[in-house]
Amino acid sequence: MPVFPPPTPCALNSTSSPARDLFDAIPHRNAKPVPCRRRTRRHGGRTTISSSSPTLSAARDRIADDPTPRLFSALFKAASSASPSMGAQLHAQAVVRGFLDDAGSIILPTAILNFYASCREPDLARRVFDAMACTNAVTWNALIKGYAQAGRREEALELFLAMRRQSHVAPDRYTFPALLSGIGREQGGGCMQELGGAVHGQAIKSGLNRDPFVGASLVSMYAARGALDEVKVVFDDVDTLDPVVWSSLISAYVNCKEEEGALLTFYRMLCRDIKPRQFVYSSMFAVCGSMSMLEMGRQVHAHSLKSNTDKDAAMTNALLTMYSDCGCIRDALRVFNSNDIVDVVSYNSIILALGQHGHPKEATELYRQMNCAGLMPDDVTLLNLLSAFNHAGLVHEGLHIFNSMLDMEGIKPTYQHYACVADMLARSGQIGEAMKTIYEMPFEAEAPLWRIILGACSKHRDIRTGTKIAEMLFEMEPYEATNYILLGNIYTRLGRWTEAEKVRNMMEKRGIDRDDAFSWIEISQRTHRFGVDDRSHPISREIYRNLDRLIGSIKVAGYVPDISFAAHNIKKDRREESLHYHCEKLAFAFGDLATPSGDTLRIMKNLRVCGDCHCAYKYFSLITGREIILRDNHRFHHFNKGACSCGDYW
DNA sequence: TTAGGGTTAG
């Protein structure tokens with residue numbers, strides 16, 4: 001069975017030609033429906049399922065009886081979410097029927113203009129606009145939005161300026177959201193950012209900055225560029241308790257990685273009796289997931305249930321991801337299985353989660369289930385599936401998926417797909433094949449990908465390739481500490497401590513500091529953070545005593561410290577001792593003291609788990625009888641009865 | 001005849 005079967009043509013857009021009569025294109029109302037695969041398509045950031053919508057069906061049923069310009073307008077509105085080709089045929093019909101001959105008519109041409117704008121065809125919208133005898137703010141707004149949402153921001157801005165020059169139409173509360181929806185997404189700064197500020201100035205001048213719709217758009221624009229101070233100024237100017245403005249502020253904090261600000265805003269919102277809706281809950285689930293705040297996440301989940309908020313796919317997908325990010329894959333699966341609004345993102349999210357938690361078989365099964373349910377996988381689905389195989393070292397399965405992408409029409413591999421395959425090959429020890437993939441891919445390899453290969457060289461002690469890649473990385477990113485640490489690690493793995501020391505000296509000479517490692521654990525809604533050899537915790541003395549006891553016990557059980565994971569600058573006689581007080585071991589020792597015996601512990605680390613700690617955790621799970629779930633910056637490790645879910649492959 | 005905010009990957 002092919003992995004990416006081409007979609008079966010849907011009844012509404014099959015083999016259409018502009019000359020074909022509209023009524024031929026519409027299936028007879030009593031005709032047996034042609035089976036069609038559900039395909040998700042993005043319109044203005046929302047996912048819709050293109051099939052015969054009730055609105056379109058109703059209008060289609062009426063058109064044979066009463067073909068009026070007003071009915072055509074309704075049809076255009078329905079067609080924008082169903083089929084672009086249908087809209088083009090409707091346009092032809094409107095011309096043939098003479099509905100566009102009336103120079104004073106504005107409603108039907110505006111509906112057509114809107115249709116082309118919403119289909120991301122701003123040039124066609126412009127042709128309709130230019131042919132209109134009279135225009136008003138509505139037509140200008142629709143055209144500006146068409147260009148902005150198609151990513152043609154300069155043209156949208158030029159139209160905005162042209163609109164201002166017209167004496168009979170002034171920008172209104174619809175104009176600014178239309179324009180800002182494009183500017184906010186502009187990357188890389190430069191003149192568009194300045195223009196964003198100028199547009200804000202125009203909004204202030206016209207007094208429209210107080211309008212909640214304009215305010216929400218301005219918040220979103222500034223948030224997209226990380227300008228949190230400006231976000232706060234805009235928010236304070238909006239004189240409303242409108243829930244969407246609050247929602248925009250919360251997502252602004254999330255975009256700017258200010259999770260605590262998002263949490264505080266959520267509390268402020270509740271204190272003012274503003275009822276959160278799906279958007280707010282989605283953002284809050286993302287916050288709790290990224291910070292691994294399980295108890296907080298459960299409370300927000302309970303709040304959403306109590307508030308009787310209507311669930312939608314995005315909110316449920318965010319909830320699923322929150323549970324997965326907090327180490328609760330079973331809860332994530334429960335959310336997925338009890339979800340009656342499943343879309344492509346739901347499957348992508350659960351496939352990703354299963355892969356991160358080391359369940360490639362279940363991820364593959366859900367991929368099959370997704371196809372059976374008639375949902376078309378997209379590039380993210382395949383990336384997540386590849387990633388699941390990568391985590392598990394299933395190279396053969398991963399290459400099968402990737403080669404299918406290369407051989408068949410459908411989803412073309414992106415840079416991320418190639419990078420994932422190179423990572424998978426290198427991680428499994430096939431470093432030569434990984435290099436071949438990188439040299440043959442139709443993209444230029446970026447530093448993070450080379451760093452992944454360097455990490456694999458460290459794992460497989462490939463000093464020759466490793467040094468070459470490290471030299472290249474030192475030129476590309478002379479101040480990136482990780483590159484030096486990875487090269488140093490290759491030397492220490494091989495016991496070449498002198499060369500490891502030289503790498504460290506090179507770092508010092510260039511004034512490069514390494515990222516400090518830290519681990520944290522949430523107990524009773526309080527987060528306890530530990531650095532390496534950290535003695536700042538109020539019960540530090542007890543934690544160290546417990547850790548020494550635990551280390552003694554696991555040594556009896558068979559644990560042997562691996563000093564090749566000691567830091568390069570530690571003296572020979574202190575290497576073993578230094579391993580004992582790594583941050584993840586301290587976090588475990590604290591969790592073991594602070595929770596009842598046998599409880600599951602969930603621990604997070606900002607960097608990759610150390611190999612010696614990984615080994616120690618297996619023994620910790622054996623001697624304490626606890627399940628330990630460790631999230632590092634790459635994946636989850638579930639330790640139970642002396643084994644890890646990753647099978648020691650990571 | 002027109003509008004703002006949220007979810008997966010990197």
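Below, read A as the first sequence line, B as the second, and so on, with proteins coming before strands; counting in each chain starts at 1.
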Practice item. Could you check whether Gln416(A) gets within reach of a base, just the sugar-phosphate, or nothing at all, counting any heavy atom under 4.0 Å? Key: sugar-phosphate
Point to revise | Nucleotide of dT8(B), dG10(B), dG6(B) approaching Leu352(A) most closely (side-chain heavy atoms) | key: dT8(B)
Review point. Which nucleotide in the list dT8(B), dG6(B), dG5(B) gets nearest to the side chain of Ser283(A)?
Key: dG6(B)
Review point. Heavy atoms under 4.0 Å, any strand shown: does Val245(A) hit a base, just sugar-phosphate, or nothing?
Key: base
Exercise for review: Name the nucleic acid region contacted by Thr110(A), choosing base, sugar-phosphate or nothing; use a 4.0 angstrom heavy-atom cut-off, strictly under.
Suggested key: base
**Study point:** Polar side-chain atom of Thr139(A) near backbone of Thr135(A) as donor-acceptor pair, under 3.5 Å
**Key:** no
Exercise for review: Could you work out which one of dA9(B), dT7(B), dG4(B) sits closest to the side chain of Phe213(A)?
Suggested key: dG4(B)
Check your understanding: Who passes ring-ring contact (aromatic ring centres under 6.0 Å, His included) against Tyr418(A), sequence neighbours left out?
Key -> Phe402(A), Phe443(A)
Review point. Of the nucleotides dT8(B), dG5(B), dT7(B), which one has an atom closest to the side chain of Asn317(A)?
Key: dT7(B)
Check your understanding: If you check every side-chain atom of Asn141(A), which of dT1(B), dG5(B), dT2(B) has the closest atom?
Key -> dT2(B)
Check your understanding: Taking the side chain of Ser251(A) as its heavy atoms from C-beta onward, which of dT7(B), dT8(B), dG5(B) lies nearest to it?
Key -> dG5(B)
Practice item. Looking only at side-chain atoms of Tyr174(A), point me to the closest of dA3(B), dG5(B), dA9(B). Key: dA3(B)
Study note, to complete from the structure: Testing dA9(B), dT8(B), dT1(B) for proximity to the side chain of Val345(A), the answer is dT8(B)
Exercise for review: Counting heavy atoms from C-beta on, name the nucleotide in dG4(B), dG6(B), dT7(B) closest to the side chain of Ala318(A).
Suggested key: dT7(B)
Check your understanding: Of all the nucleotides listed (dA3(B), dT8(B), dG6(B)), which has the minimum atom distance to the side chain of Ala314(A)?
Key -> dG6(B)
**Study point:** Heavy atoms from other residues, nucleotides or ligands near CZ of Arg268(A) exceed 12 (cutoff 6.0 Å)
**Key:** yes
Exercise for review: Sequence neighbours left out, what passes ring-ring contact (aromatic ring centres under 6.0 Å, His included) with Phe160(A)? Give chain and number order.
Suggested key: Phe176(A)
